[in-house]
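Quick note on labels: first sequence line is chain A, next is B, and so on, each numbered from 1.
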Protein chains: 2
Amino acid sequence: MNKRDDMIAGAARAFEAEGFRGIGVDGVLAFSGASTRTLYKQFGSRDGLVLAVLEKRHRDFMARLDRRIGNGGPLGELFDTLEQWLTEHGARGCMLLRAHGEYASANGEIVALVRRQKEEFEREIARRVETVLGFADAALATQVWLLFEGATAIASVSDLSVVGSAKHAAGVLMLAAQGRSS
Amino acid sequence: MNKRDDMIAGAARAFEAEGFRGIGVDGVLAFSGASTRTLYKQFGSRDGLVLAVLEKRHRDFMARLDRRIGNGGPLGELFDTLEQWLTEHGARGCMLLRAHGEYASANGEIVALVRRQKEEFEREIARRVETVLGFADAALATQVWLLFEGATAIASVSDLSVVGSAKHAAGVLMLAAQGRSS
DNA sequence: GATGGTGTAAAGCGATCGTTTTACATTGCA
DNA sequence: TGCAATGTAAAACGATCGCTTTACACCATC
C-alpha cells in the first residue's frame with residue numbers, strides 16, 4: 001500500500017547520494033526493493049519519480065517549519081529547522097536546486113516545479129520577516145533568503161556551524177532594519 | 001596548440017548547460033569540434049577533463065577578482081565581479097558546487113578539488129574583510145561568504161538583482177562589525 | 001626528406017541506460 | 001468464488017554510455 005511512499009523515500013536517498021543523473025533506474029529501485037514494473041505503473045517514467053521526490057521533499061520541509069523549532073523567533077526557527085534538517089538528511093546542498101541544475105535543459109517541468117517551490121519559500125520568509133518587524137521588508141526577506149541558501153550550499157563543503165553564522169547574520173540585519181524604521 | 005584550451009572552454013559550456021552527468025563524451029566534444037582520441041590523449045579520461053574544467057573555472061574567477069571591478073572597496077568588488085561573471089556566463093549555480101554534488105560518491109578527486117577551491121575562496125574573503133576592518137574577523141568573513149554563495153545559487157531561480165541585495169547586506173554586516181569594535 | 005607530435009575520422013568494445021513486456025503471485029473487495 | 005488491482009521476477013528492446021583502436025593527414029624541426 002505505502003509502496004509508493006517507500007519508492008519516493010528510497011529514491012530520495014538514492015538521488016541525495018548519487019545525484020539525479022548519476023544513478024540508473026535499477027539503482028534507484030534497489031533503495032526501496034521495488035520492481036521496474038511498479039515504477040512505471042506508479043510514476044509513468046523516471047522523471048515522474050523525480051518530480052514526486054521533489055514535491056515530497058519541499059512539502060516535508062515546509063511542514064517541518066510549522067513545528068516552530070528553537071527559540072529565536074520566526075526567523076531563528078528558520079535556521080534551527082535547517083540545522084536539524086541537515087543533521088538528519090546530511091548536507092549535500094539543496095536537493096531542489098541540484099535537480100534544477102541537472103535538469104536545466106533536459107526537463108522543463110522539473111525546472112518549473114523548483115522555481116515555484118523557491119518562490120513559495122521566499123514568500124514564507126517574507127511572511128516571517130513581516131511578523132518580526134511589524135511591517136513588510138522585501139529587501140530584508142531576500143537577504144535572509146540568501147543567508148539561508150548560502151548556508152545550505154556551503155554546509156556541504158564546510159560544516160554545520162555555518163548555519164549558526166547565517167542565523168546570527170540574519171539577526172544583525174534584522175536589528176539594523178528595526179533601527180532604520182525608528 | 002590551443003586545442004586543449006578549446007576543449008576545456010567547450011566542455012565548460014557543455015557542462016554548464018547540461019550538467020556534468022547529463023551529457024556524454026561525444027556531446028561534450030561537439031562543443032569544441034575535437035575528437036575522442038584527442039580527449040583521451042590530453043586528459044586521460046572524461047573525469048580528467050572535468051578536473052581541468054573546474055581548475056580553469058576557479059583560476060579564472062580568482063584572476064578576475066584581481067581586476068578590482070566596481071567601486072565598493074575590497075568587499076564590494078567581490079559582488080560586482082560576481083554580477084559581471086554571472087552576466088557573461090549565465091546564472092546556473094556555482095559550477096564547482098554542482099560538480100561537488102554530482103560526483104559526491106563517484107569521484108573523490110573532484111570532491112577534494114572543490115573543497116580546496118572553496119577553502120581558498122573563503123581565505124580570499126577573509127583577507128578582504130581584514131583589509132577593510134583593519135583587523136581579522138573570521139565570523140564576518142563566513143557571513144560574507146554565505147551571502148556570496150547564496151546569491152550565486154539563487155540567481156539561477158530568481159534574477160541577478162539578488163547580487164546587489166547580497167552586496168548591500170554585506171555592507172550592513174561590515175558596519176555593524178566596525179561599530180562593535182569601537 | 002625522414003621523423004615525431006598532434007590532430008581528425010570512424011568503427012567497435014562491453015556495459016549500462018530508460019523502458020517495455022511476459023509470466024506469475026498476492027491481496028482486497030464484490 | 002471470482003475478478004481487478006497491485007505487486008515481483010526476469011528477459012529483452014534499441015540507444016547510448018565511456019573508452020579503445022585502427023588508419024590516415026598535417027606540419028614543424030633536425
Determine whether more than 12 heavy atoms belonging to other residues, nucleotides or ligands lie under 6.0 Å from atom CD of B/E109.
-> no

Are any of A/T38's side-chain N or O atoms less than 4.0 Å away from OP1 or OP2 of D/dT8?
-> yes

Rounding to a whole Å, what distance do you find between B/R37:CZ and D/dT20:P?
-> 11 Å

For B/Q42 and C/dT6, is the shortest distance between a side-chain N/O and OP1 or OP2 below 4.0 Å?
-> no

A/R92 vs B/E102, salt bridge (Lys or Arg N to Asp or Glu O under 4.0 Å): CA-CA, chis, key distance, verdict = CA-CA 10 Å; A/R92 300 166 200 260; B/E102 296 197 41; over 6 Å; no

Intermediate values then yes/no, side chain to side chain donor-acceptor pair (under 3.5 Å), A/D47 and A/S45 = CA-CA 5 Å; A/D47 285 5; A/S45 69; 5.5 Å; no

Let me know the distance between CG of A/D6 and P of D/dG7, rounded to the nearest Å.
-> 10 Å

Is a side-chain donor or acceptor of B/S158 paired with a backbone partner of B/A155 at a separation under 3.5 angstrom?
-> no

Grab the NZ-P distance between A/K41 and D/dA4 for me, whole Å please.
-> 13 Å

Does a nitrogen or oxygen in the side chain of B/K3 sit under 4.0 Å from OP1 or OP2 of C/dT8?
-> yes

Aromatic plane relationship, B/F61 with B/F148 - under 30° parallel, 30 to 60° tilted, over 60° perpendicular = perpendicular

Separation of atom CZ in A/F43 from atom P in C/dT19, rounded to whole Å = 13 Å

Protein-nucleotides 16-19 of chain D N/O pairs closer than 3.5 Å?
{"from": "D/dG18", "atom 1": "OP1", "to": "B/R46", "atom 2": "NE", "distance (Å)": "2.7"}
{"from": "D/dG18", "atom 1": "OP2", "to": "B/V25", "atom 2": "N", "distance (Å)": "2.6"}
{"from": "D/dC19", "atom 1": "OP2", "to": "B/Y40", "atom 2": "OH", "distance (Å)": "3.0"}
{"from": "D/dC19", "atom 1": "OP2", "to": "B/R46", "atom 2": "N", "distance (Å)": "2.8"}
{"from": "D/dC19", "atom 1": "O5'", "to": "B/Y40", "atom 2": "OH", "distance (Å)": "3.3"}

So which of A/R68, A/R67, A/R64 actually passes salt bridge (charged side-chain N to carboxylate O under 4.0 Å, His left out) with A/E77?
-> A/R68

